[in-house]
Amino acid sequence: MSNLKLYRHPISGHSHRAELMLSILGLDYELINVDLKNGEHKKPQFRKLNMLGQVPVLVDGEKVIADSSAILVYLAKTYDKTGVWLPDAAVELAEIQRFLSIASHQMVKGLVTARAIKLLGKDLDYTAAINESISLLNLLDEYLSGREWMVGEQHTIADIALYTYTKLAPEAGVKMDIYSNIRHWLGNVESINGFISMNAKK
């Protein structure tokens, strides 16, 4: 049995980020589904893994890493011996951190929230979430003009952090037809060896 265990939920885009990185790195891991509907993530046993009561959580032997961005950093630093996914160069590292912040803030306020409203019936401001989503997608599409990846000339964890919820934008009610640069970039991510799609409806 693998030492790597990923506590996740099948429709969680944050969980998919972590699972995608595990798969791309060719790691052997066990998936453990957390019953969010019945509040398993808020119970004391799970809160020992993540005090915030959120998925995903990665357990690697004695190490426990919570938060999808933190998991991406941990996996890249621990298991990517090439240094490609999280380079040490200061400028590239700073750029990656910028996109991790976007994934945790603007993307959550926009695409993540809009999808939660559509998919789960969350009682939140859909108009505000859609406006935030469109604003971010417009910026990313413009930014990706002439670029293959978010940072530098190779894929990094910045691409993984932004991929899933961008791909799931139609589930948030956003049509992607006009975002040709984003669609090209999504294809680049999907061409990475080890890529796995998300079965969002399971």
Side-chain angles (χ1 to χ4, degrees), residues 2 4 6 8-31 56 58 68-89 91-104 106-108 110-112 115 133-134 136-172 174-202:
S2 171
L4 286 165
L6 182 66
R8 47 86 88 162
H9 190 275
I11 69 167
S12 162
H14 289 81
S15 294
H16 180 253
R17 291 172 182 167
E19 187 179 352
L20 179 54
M21 193 76 248
L22 285 161
S23 180
I24 287 172
L25 291 174
L27 300 172
D28 182 27
Y29 59 94
E30 177 185 357
L31 290 177
L58 180 73
S68 61
S69 292
I71 290 169
L72 294 181
V73 170
Y74 174 79
L75 289 173
K77 277 299 182 185
T78 305
Y79 293 103
D80 172 30
K81 303 308 178 186
T82 68
V84 168
W85 287 99
L86 189 61
D88 289 327
V91 172
E92 290 183 341
L93 195 58
E95 283 292 292
I96 289 169
Q97 180 57 59
R98 179 167 72 113
F99 284 112
L100 293 182
S101 294
I102 289 172
S104 297
Q106 287 91 339
M107 184 162 277
V108 169
L111 290 170
V112 178
R115 179 173 177 264
S133 299
I134 291 171
L136 176 59
L137 290 170
N138 286 339
L139 289 172
L140 290 178
D141 197 66
E142 181 180 358
Y143 173 80
L144 284 166
S145 178
R147 296 176 182 267
E148 298 296 313
W149 306 103
M150 287 293 170
V151 177
E153 302 299 320
Q154 300 186 79
H155 48 239
T156 67
I157 63 171
D159 298 291
I160 305 302
L162 292 173
Y163 170 82
T164 304
Y165 284 108
T166 305
K167 181 67 175 183
L168 296 174
E171 290 189 2
V174 179
K175 293 182 179 180
M176 296 298 289
D177 303 18
I178 65 171
Y179 301 113
S180 59
N181 297 321
I182 289 177
R183 287 187 286 108
H184 176 75
W185 165 76
L186 290 171
N188 288 343
V189 177
E190 290 159 9
S191 71
I192 298 171
N193 187 41
F195 173 85
I196 51 171
S197 61
M198 177 178 174
N199 295 318
K201 298 301 184 184
K202 294 184 178 179

Classify the ring geometry of His155 against Trp85: parallel below 30°, tilted from 30° to 60°, perpendicular beyond 60°. parallel
Spatial distance of atom CG (Leu20) from atom CE (Met198) [nearest 0.5 Å]: 11.0 Å
Derivation of the side chain to side chain contact (heavy atoms under 4.5 Å, CB included) call for Ile134 and Tyr179: CA-CA 10 Å; Ile134 291 171; Tyr179 301 113; 3.9 Å; yes
Would you say Asp141's side chain and Leu137's backbone share a donor-acceptor pair under 3.5 angstrom? no
Minimum heavy-atom separation for Ala18 and Pro56, please, with both atom names. CB-CG, 4.3 Å
Where do Leu4 and Tyr79 land on the side chain to side chain contact (heavy atoms under 4.5 Å, CB included) test, with the steps shown first? CA-CA 12 Å; Leu4 286 165; Tyr79 293 103; 4.1 Å; yes
Is the backbone N or O of Met150 less than 3.5 Å from a side-chain atom of Tyr143, with the two atoms forming a donor-acceptor pair by type? yes
With side chains defined as the heavy atoms from C-beta onward, is the minimum distance between Leu144 and His184 less than 4.5 Å? no
Do you know which two heavy atoms are closest between Asp159 and Gln154, and how far apart they sit? OD2-O, 4.3 Å
Which heavy atom of Val108 sits nearest a heavy atom of Ser104, and at what distance? CG2-O, 3.4 Å
Kindly determine whether Met176 and Thr166 satisfy side chain to side chain contact (heavy atoms under 4.5 Å, CB included), including the steps that lead there. CA-CA 9 Å; Met176 296 298 289; Thr166 305; 4.2 Å; yes
Indicate yes or no for a side-chain donor-acceptor contact from Arg183 to the backbone of Asp177 under 3.5 Å, with no hydrogens or angles considered. yes
Single hit among Leu162, Ile160, Thr156, Ile157 for side-chain contact (heavy atoms from CB on, under 4.5 Å) with Phe99: Leu162
If you measure from CD1 on Ile182 to OG on Ser145, what distance do you get to the nearest 0.5 Å? 11.5 Å
NE2 (His9) and CG (Leu31) are apart, to the nearest 0.5 Å, by 12.5 Å
Can you check whether Leu168 reaches Leu111 side chain to side chain, under 4.5 Å on heavy atoms? no
A quick test of your reading: do over 12 heavy atoms of other residues, nucleotides or ligands sit less than 6.0 Å from CD of Gln97? yes
pair Leu139-Ile102: side-chain heavy atoms closer than 4.5 Å: no
Test item: Tyr29 and Leu75 side chains (from C-beta on) under 4.5 Å apart, heavy atoms: no
With no hydrogens and no angle check, is any side-chain donor or acceptor of Tyr165 less than 3.5 Å from a backbone partner on His14? yes
Is Pro87 close to Ile96 at the side-chain level, that is, under 4.5 Å between some pair of heavy atoms? yes
Can any side-chain N or O of Arg115 pair as donor or acceptor with the backbone N or O of Glu171 at less than 3.5 Å? no
Smallest heavy-atom separation, Phe195 atom then Ile24 atom, equals N-CG1, 4.1 Å
Approximate separation, where rounding is to 0.5 Å, of Met21 CE and Leu6 CG: 13.0 Å
Give a yes or no answer on whether the side chain of His16 reaches the backbone of Ile196 with a donor-acceptor pair at less than 3.5 Å. yes
Quick one: CG on Leu58 to CD1 on Ile71, what's the gap to the nearest 0.5 Å? 5.0 Å
To the nearest 0.5 Å, what is the distance between CD on Glu153 and CD on Glu92? 9.0 Å
Assess, by modelled atom type and distance only, whether the side chains of Arg8 and Ser15 contain a donor and an acceptor separated by less than 3.5 Å. no
Do you know the tightest heavy-atom contact between Ser68 and Arg17? OG-NH1, 3.0 Å
Ignoring hydrogens and geometry, is there a side-chain-to-backbone donor-acceptor pair from Ser23 to Glu19 under 3.5 Å? no
